[in-house]
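Atom set for the values below is all heavy atoms of this structure, side chains included, hydrogens, waters and symmetry mates excluded. Bear in mind the structure is a predicted one, so any value in this text is a computation, not a measurement. By convention in this document, chain letters (A, B, ...) are assigned in the order of the sequence lines, proteins followed by strands, and residues within each chain are numbered from 1.
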Amino acid sequence: MNFRFVRDLSAHLAHSRNGSVVELVPELCPPEMKADLTVNAFKLAKALKSAPMPLAEEIRAFLAGHADVAGVECIKAFVNVRLKPEALFRDSVGDAAALLDGRFPEAKRRRVLVEFSAPNTNKPQHLGHVRNNTIGMATAALLRAAGHDVVPVNLINDRGIHICKSMLAYQRFGNGATPASTGMKGDHFVGDYYVKYDAEFRRQFAELKIARPELADKSSDELFLDVEIGRAAQEMLLKWEQGDAEIRKLWETMNGWVIAGFNDTYARMGVKFDRVYLESQTYMLGKDIIQDGLARGVFTKREDGAVVIDLEAEKLGSKVVLRSDGTSVYITQDIGTTLMKQNELKPDRQIWVVGDEQIFHFKVLFAILQKLGFAWAKDCHHMAYGMVNLPSGKMKSREGTVVDADDLFDEMEKLARAACAERAGSDSVENLDERAKVIGMGALKFMLLKVNPKTTMMFDPNASIQFEGDTGPYVQYAYARIASMLRKAGADALAAPVDWTVLGADEEKALALCLAGYGNALRGAADELDPSRLAGYLLDVARAFSRFYQACPVLVAPTPELRRARLELSARARDILKAGLAALTIGTLESM
RNA sequence: GCGCCCGUAGCUCAGCUGGAUAGAGCGUCUGGCUUCGAACCAGAAGGCCGGGGGUUCGAACCCCUCCGGGCGCGCCA
């Protein structure tokens with residue numbers, strides 16, 4: 001988006017307004033207006049603190065005399081500009097390298113740490129994790145495409161009472177089985193023992209209530225230590241913390257199984273981290289900074305011995321940061337790991353991709369870091385995303401309604417494979433496996449990424465995932481069509497110089513103007529931490545290309561010059577589709 | 001009780017931070033494969049933007065209020 005008439009208009013306005021410079025971004029003109037771009041003088045007037053109508057007239061008068069402008073008209077304070085076709089194509093898609101470079105200027109590039117996924121090693125990942133992984137990965141890729149230096153990080157929650165639960169159930173019911181002996185994926189194998197623990201706990205809990213009616217109105221949390229297997233889990237945690245050799249060995253073995261399983265899941269999704277932290281190695285962090293803060297009066301010691309911080313001024317109440325027995329709470333660890341990441345990786349900015357139910361927690365965390373006096377605390381950001389609900393409501397593991405990640409991937413691939421086969425008819429399909437993988441995962445990721453991360457979204461497993469309409473495969477298909485066309489055109493089809501003056505059809509102009517918006521879409525998505533913006537933009541590009549392709553013959557264009565120019569336009573669309581999908585971690589196929 | 005978020009077409013979602021006649025996809029109906037791949041394209045129907053007040057040249061968007069839903073407010077993580 002680098003239009004000469006816009007630059008000249010900016011200069012003109014700056015001059016006529018005594019040098020006040022205003023950023024001027026033209027909008028696409030609505031189709032029925034029969035113009036190409038619109039300068040919105042309402043908005044501009046606000047920035048320039050002047051009246052809209054005279055400003056619109058001034059802009060109109062200036063543009064009427066501009067060499068690139070074929071026509072200009074004011075409707076209210078919208079100045080609709082019709083460009084001479086050669087100027088339109090020259091300024092929108094004429095410079096291939098500039099078109100494809102969506103990076104921020106160097107001064108705006110930062111080192112950004114993105115933490116996401118953060119799974120517990122007691123059960124396999126489900127659709128909720130898939131949304132987290134997808135958003136996290138896409139955000140990292142997006143920021144990187146926009147020129148930032150990105151460090152994707154995972155922090156695996158590999159210790160704690162929930163881990164001990166599956167360990168305990170394995171000790172009691174496992175009979176020495178292993179993922180290998182059962183042919184199961186390690187995370188699923190361990191997850192089954194977590195379920196077994198839960199079933200046993202509930203059995204004992206019910207028994208206890210029958211044996212002791214006076215406990216009838218107590219919750220399972222309250223009676224946790226009164227239930228035998230609950231107490232046993234607690235004791236195991238204690239032993240783990242004391243470094244008990246046998247427990248540690250079991251823990252290492254089982255975590256190894258789970259993490260191997262996770263790595264398979266990540267590999268299928270294309271998820272990669274620069275750094276993976278384990279909570280077992282970081283959970284003791286944070287205590288020293290609490291002591292330090294206590295000495296500096298940031299925290300106070302309550303009568304009962306607990307260390308607390310007063311955040312009334314921030315309307316966040318007060319928060320315990322060390323228990324009265326001196327042990328850490330969750331937020332203590334978070335303070336510690338945040339500090340560690342900051343010192344180790346030296347980012348300009350830290351981002352956490354964590355569900356929106358933890359908004360309050362992060363507000364408290366950031367407020368504490370501010371009070372501790374860390375200047376970088378203001379650059380900490382919780383990227384809160386919404387839950388994925390099913391038609392039946394929330395996913396509940398207890399009720400068996402969770403959508404398992406690996407099952408979902410299998411299902412996607414199966415559907416994609418069937419779709420490929422169906423479309424191929426009697427023809428055989430080359431590398432069907434790869435196609436099914438790229439299309440299936442593309443459909444799933446795109447489905448998750450096209451909705452705003454903040455939105456609580458609905459997923460209907462029975463409706464399954466679509467390959468038509470506003471979908472990943474629709475965008476991938478536009479790419480594959482262009483690739484196929486350029487293959488047919490031959491290797492040197494793009495060698496000859498392009499004469500943009502031969503273009504001018506509505507569909508050609510619409511496509512070129514759409515393509516010109518790539519940089520803005522990418523940077524906008526990066527600035528707002530919103531991959532859905534880019535996804536929406538890519539749908540626009542794919543749609544604009546499909547319309548163009550329907551209306552304008554390319555390989556069989558009437559003249560060589562027209563063929564050449566349309567091939568070039570198509571190639572630009574191809575490049576943007578590929579780069580854009582890559583910035584969402586979605587792959588493309590040369591044929592599908 | 002207090003705080004945050006949400007309510008837009010039958011369904012799933014957009015709506016660029018206050019701008020033109022509120023958009024897309026799915027679904028429904030109609031048309032287009034002897035011209036580059038029909039995972040496509042063209043067209044139709046479908047809306048008091050939860051209700052009511054206000055702010056202004058202008059409101060789905062900002063303010064107040066009510067209704068309906070979600071989440072949070074642990075010495076849990």
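Results of the salt bridge (Lys or Arg N to Asp or Glu O under 4.0 Å) test with A:Glu508 over A:Arg566, A:Arg572, A:Arg547 single out A:Arg566 as the only residue that passes. If you run side chain to side chain contact (heavy atoms under 4.5 Å, CB included) between A:Val307 and each of A:Leu294, A:Thr332, A:Thr300, A:Val329, only A:Leu294 comes through.
For A:Asn80 against B:A20, a side-chain-to-base donor-acceptor contact under 3.5 Å is present.
When both pairing distances are held under 3.5 Å, B:C13 makes a Watson-Crick or G-U pair with B:G23. Shown here, B:G46 forms no base pair; nothing in the strands shown gives a Watson-Crick or G-U wobble contact with both key distances under 3.5 Å.
Close to B:C73, at under 4.0 Å from its OP1 or OP2, lies no side-chain N or O of A:Lys319. One finds no side-chain N or O of A:Arg543 lying less than 4.0 angstrom from the OP1 or OP2 phosphate oxygen of B:A24.
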Q: Let me see the working for A:Glu468 and A:Tyr474 under side chain to side chain contact (heavy atoms under 4.5 Å, CB included), right down to the final yes or no.
A: CA-CA 6 Å; A:Glu468 291 165 9; A:Tyr474 173 78; over 6 Å; no
Q: Applying side chain to side chain contact (heavy atoms under 4.5 Å, CB included), run through A:Tyr537 and A:Ile576 and close with a yes or a no.
A: CA-CA 10 Å; A:Tyr537 168 77; A:Ile576 281 174; 4.1 Å; yes
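If you find the closest nucleotide of RNA chain B to A:Ser532 and to A:Gly305, the one lying nearer the 5' end belongs to A:Ser532.
Taking the centre of each ring, A:Tyr385 and A:Trp352 stay at or above the 6.0 Å mark. The aromatic ring centroids of A:Phe366 and A:His382 lie 6.0 Å or more from each other.
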Name the pairs: protein N/O against N/O of nucleotides 68-72 of chain B, kept only if under 3.5 Å.
from	atom 1	to	atom 2	distance (Å)
B:C71	OP1	A:Lys394	NZ	3.4

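Counting any heavy atom pair closer than 4.0 Å across all strands shown, A:Asp540 reaches no nucleic acid atom.
Straight-line distance from the CD atom of A:Glu507 to the C1' atom of B:A42: 11 Å, rounded to whole Å. We find that CE of A:Met457 is positioned 18 Å from C1' of B:G7, with the value rounded to whole Å. Atom pair A:Lys46:NZ and B:U56:P shows a separation of 14 Å (rounding to whole Å applied). Between A:His382 atom NE2 and B:C4 atom C1' the separation is 13 Å, expressed in whole Å. The nearest whole Å value for the distance from the CZ atom in A:Phe459 to the C1' atom in B:C26 is 15 Å. Rounded to whole Å, atom P of B:C41 lies 17 Å from atom CG of A:Asp506.
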**Q.** Where protein sits on nucleotides 32-39 of chain B, one letter per nucleotide: B base, S sugar-phosphate only, - none, heavy atoms under 4.0 Å
**A.** B---BBSB
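By the 4.5 Å heavy-atom criterion applied to side chains, A:Glu411 and A:Leu415 are counted as neighbours.
With a glycosidic angle more than 90° from 0, B:U34 adopts the anti conformation.
Residue-environment remark: CD (A:Glu312) exceeds the threshold of 12 foreign heavy atoms within 6.0 Å. In this structure, A:Lys437 places its NZ atom where only 12 or fewer heavy-atom neighbours from other residues, nucleotides or ligands lie under 6.0 Å away.
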